[in-house]
Amino acid sequence: MKRIALFSAMALSIGLMGCASNGGGMASAGEDGSTYMTKSFKEVIATSFQAKGSAGLDRLVQTEAQHECSKYDYLGKPLPKDIAARIEKDHYSKVVYPADGQYFGDWKAGLKIAEDGKGMTWNDKPGTPNGGNCINCHQMIPNNPSQGNLGPSLIGYGKTRGNSEQIVKYTWARIYDSTSFNACSQMPPLGASHALTQQQMKDIMALLFDPNSPVNK
Amino acid sequence: MAYPMRMRANIEGDAVVVRVLMTHPEETGLLKDKEGKIIPAHFIQTVTCKNNDKTVLTCDWGTAISKNPFLEFRFKGGKSGDKVTVSWIDNKGDTSTADTTVS
Amino acid sequence: MNQTRRQVMQIGAGAAALGVAASAGLMPSIAQAADAPGWNAQLFEAKSFADVAKIWGGTPTESTDVSIIGPDIAENGAVVPVGVKSNAAGTTALGIVVEKNPTSLVAQFNMTDVSIPNVATRIKMAQTSNVYAVAKVGDKLLFSKKEIKVTLGGCGG
Amino acid sequence: MKKRFIGIAISAAATTSFYALTLGVGLTPTVAHADSYIDMLNQMGGNPAEFNVSAGEKLFKEKRGPNHKSLETCDFGLGPGVLKGAYAQLPRYFADTGKVQDVESRLVTCMETIQGFSKEQIEKDVLKDPFAKNGGNATDIVNLAAYVAHQSDGMPMEVPQNTPQEKLSFENGKKFFWYRAGPYNFSCATCHAENDKQIKISKLPNLSTPDGEKAWVAATWPAYPDSQGVVRTLEWRMNDCMRQQRIAEPKYLSQVVIDLETYMGVMAKGHKILTPSFKR
C-alpha cells in the first residue's frame, strides 16, 4: 500500500519504541511512546461518540493490527517487517475453514451478495443478512461501469488461477481475513468479523471460481 | 402550501436567458411511503412564461421532472427592465407565480 | 386556486383525460385530479417514443439540426440534467422523451414567435435509456438521441 | 442571497451557457466515472439548497429566544456581524469559549450567548436531531449554516493554523483520518488516501495530502446531494462516513468531527468555495 507522508516535518521528531505485543487496545496504546495515541487524541475518541443501533462504543477499540497500521500510516512509515509478520501469522492461524470441506455455493446468490453494500452500520437491522460489499471496491463483472477500484480487479479470477486446493484455500482465507496476508490490508475481514456467514462466503467463492459465473465469462 | 420560486433573467447576446428554480415535490404516484402506502402523484403540469404581457413559452410537464424543478429557457426581443413572469399549475390545482426584471 | 375552479377543471379536462385513460385500459393514476387546462393526459400516458410520436402526429426522423446534452452516466436517476435545442427554422415545440421510463414523455415546450428553441431542465430516469430530443417542425418530427446510463454511485449501504 | 444563481463557471462569462460549457468542453469521459454528471449540475445551477440559504437568512435576522435578539451580532471569528469570508476560516479557535468551533458549533454558541437559549432548550431543539430525513426539510441549524457558509461563496478556503488549539485540532483530525477501527477495519484513509480511486462509479477525494485529487472537497459544503434530496453540511458528511465505516455514531458538534473538519479545511487551503453545490 502506497501512502504519502503528509507533512514529513511533523513526522520527523517522533521517537518510536517497541509496541505492546498483545492486545494493543486503546488503553495500552498510549504508553508505547509514540506520539500517535496521545492523551488528547485518546480523549477525542473517548468523548466524541455514542452507541447507535448495533454500533456500540466497543467499535472504536482497536485491535493490535488496527493500532499498528493506523500509527505507521499516520507517521508515513512502513510497518516494521517483524510486526507485520507477527500480525499476519496470528490472523492466519485463526482462519476458520468450512468443516465439511465444501468451498463452493451458488454463484447467483454470490452475485447478489457481491453487489450488496449493506451491513453492520448503525441503521442496518441486526439479524438481517449483510452484503459483501465486493463490487464497491473490485471489478468483478465485465461491462458493469459501476464497480470500484480500491481493490484489484477480480475479472476472470477462477479462469486465470484454476481451482487447485492451494488457490481455493488461499482465496477463502483472503475473504475470511485479509489481514492474514497483509497486516494492513484495506479489505474488511468478512469472515472474522462475522459480516458474512459461511454459506455467504461459499456463494462468493462460487462467483469467483464457477466457469459459468459472470466473473469468468 | 407555499411554493417559492427563484428566477433570474439576463441578456446574453440578442437573447434573454431565464433560469427558474421552483419548489415542488414532483411525486410520480409510483412510490410508496414507509408504511407501504402509495404516495399520490403531485406534479406540475403546465408552466407559462411571459415577458411583460406576451407569452414567450409554455411547457407541459409529466411526472418525470425532478423534485424542485429547474427550467432554463431563452427568448428574443426582450430588453433590460422588462418583467418576466413564470407561473405554473400542478395536478392538484395548486399554482405559483414569480417574476423578475431583465438585467 | 379556489375550489370552484378546481371543480370546473375536474369535470372538464380532467374528466376527459380519465375517459381516455380508462378506455386505453391504463391506470389513470396521474389523471385523476384536476388536470391543468390544455394538459394532454393521453400524451403523458404514452409508453414509448413511437406512441408519443403517434399522438404528436408525425414520423420521427433523426436530424443533426436537433441536439441533446446530458451526462454519459448519471449517478442518480432522480436528478439528470438535460438540455435540448433545435436549429431547424420553424420549430414549434421541443420534447424530451425517455424511452424506458414508465411513461415516456417527460416534457413538451411550446414555442412562440419569440422563443428560442433551446431549453434545459432536470429529469428523472428510471433506468439506463435512450433520451430523445424532439423538435416539431411543421408536420415533421426531428430528433436526436443520447444514451444516458443510470447507475447508483456510492457504497450502497 | 445575492449573486450566483447559476454555477461557478457560468457567472464568469455572460455569453457562456450550459450549452456552451458542456458542448464546448466536450463530455466524453475517458474513464468511467461520473464526475461530469456533478459538474454539469453545478454548471447548470439552480441548486434547491438556495431555498435553504434564504430560509437561513430569514432565521438569522429574526429576533428569537428569551433575549429577543437576532444572530446578526454573532462573531464567527472576523468580528461581530462579519459574515463575508468567515466560513472560509472555520473551524477556528474562539477565545471566549476556549474551543475550536465549526460553523454549527459557533451558531449554537451565539444562540446561547446572544439569544439566551438555555442549554436544555438547545439540546432538545438543535443537538438531538440535527439531520433531516432523506428528502425531508432541513433543520434550522442547517439552514443557518447554509446561509452563513454562502456568504463566503467564491472566496478561498483559509482555515487558520495560528493557535496551539488549531494546530492540535488539525493533528488530531489527521490522526483520526488514519484511525482504523470497527469490524470492517476501515479508516477514512481506506477510501481517501490515493488518487484515481472510486467506490462503484463515484470518484473518491484523496484527502491524505493537499495535492491529492479533489483534496479540496471541504470547500464544496454545505451541499445538496441528489441522493439525499435535502441540503447537508460537512458535519453530516462526517457522520454518514462514520456510519459506513461501521463505527459508533459521532455526536453532533463533537470534537472528532470538528477536528476532521479542521484537517479537511487545511487540505482545501486556497480552494475557491462553492456552496451550495451539488453532490451525488
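Protein chains get the first letters and strands the later ones, always in sequence-line order, with residue 1 at the start of each.
At least one donor-acceptor pair under 3.5 Å links the side chain of A:Gln186 to the backbone N or O of D:Thr190. With hydrogens and angles ignored, the 3.5 Å screen pairs a side-chain donor or acceptor of D:Lys197 with a backbone N or O of A:Asn149.
Taking the side chain as every heavy atom from C-beta outward, D:Glu171 and A:Thr38 never approach each other to under 4.5 Å. Side-chain contact between A:Leu75 and D:Trp178 is absent, with no heavy-atom pair separated by less than 4.5 Å. Proximity of A:Met120 to D:Gln244: side-chain heavy atoms (C-beta onward) are nowhere separated by under 4.5 Å. Using a 4.5 Å heavy-atom cutoff, the side chains of D:Tyr179 and A:Phe41 are in contact.
Within the 4.5 angstrom heavy-atom criterion, atoms from both the backbone and the side chain of A:Gln50 approach chain D. Heavy atoms of D:Asn239 lying under 4.5 Å from chain A belong to its backbone as well as its side chain. For A:Asp58, no part lies near chain D; criterion is any non-hydrogen pair under 4.5 Å.
When each of A:Met187, A:Arg59, A:Gln147 is scored by its heavy-atom pairs under 4.5 Å with chain D, the top score falls to A:Arg59. For the options A:Ala195, A:Ser146, A:Cys69, heavy-atom pairs under 4.5 Å to chain D are most numerous at A:Ser146. The most heavy-atom pairs under 4.5 Å with chain A, out of D:Ile247, D:Asp211, D:Asp196, D:Leu168, come from D:Ile247.
With a 6.0 Å radius and a threshold of 12 heavy atoms from other residues, nucleotides or ligands, A:Glu43 has its CD atom at or below the threshold. A:Asp82 CG: more than 12 foreign heavy atoms inside a 6.0 Å radius. No more than 12 heavy-atom neighbours from other residues, nucleotides or ligands sit within 6.0 angstrom of CG on D:Asn137. A 6.0 Å sphere centred on OH of A:Tyr92 holds no more than 12 heavy atoms belonging to other residues, nucleotides or ligands.
Heavy atoms only, all atoms of each residue included: A:Gly119 and D:Tyr184 are closest at O-OH, 3.7 Å. Closest approach of D:Met242 and A:Trp122 over heavy atoms only: C-CZ3, 3.9 Å.
Taken from OG1 in A:Thr179 to CZ in D:Arg180, the straight-line distance is 7.5 Å, to the nearest 0.5 Å. Going from atom OG1 of A:Thr121 over to atom CZ of D:Arg246 covers 6.0 Å, rounded to the nearest 0.5 Å. Of the inter-residue distances, the one linking A:Ser178 atom OG with D:Asn185 atom CG reads 9.0 Å to the nearest 0.5 angstrom. Note that CD of A:Gln66 is 9.5 Å distant from OG of D:Ser187, once rounded to the nearest 0.5 Å. Interatomic distance, D:Gln198 CD to A:Gln139 CD, rounded to the nearest 0.5 Å: 7.5 Å. Separating the NZ atom in D:Lys175 from the OH atom in A:Tyr36 is a distance of 8.0 Å, to the nearest 0.5 Å.
For residues 250-261 of chain D, a heavy-atom distance under 4.5 Å to chain A picks out D:Pro250, D:Lys251, D:Ser254, D:Gln255, D:Val256, D:Asp259, given by residue number.
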task = Report the C-alpha distance between A:Ile45 and D:Phe176 in whole Å, list the side-chain angles of each, state the deciding distance to 0.1 Å, and finish with yes or no for side-chain contact (heavy atoms from CB on, under 4.5 Å).
result = CA-CA 9 Å; A:Ile45 290 171; D:Phe176 195 81; 4.3 Å; yes

request  = For the pair A:Leu150 and D:Leu204, evaluate side-chain contact (heavy atoms from CB on, under 4.5 Å) and give the outcome as yes or no after the intermediate values.
outcome  = CA-CA 10 Å; A:Leu150 283 160; D:Leu204 297 162; 3.9 Å; yes

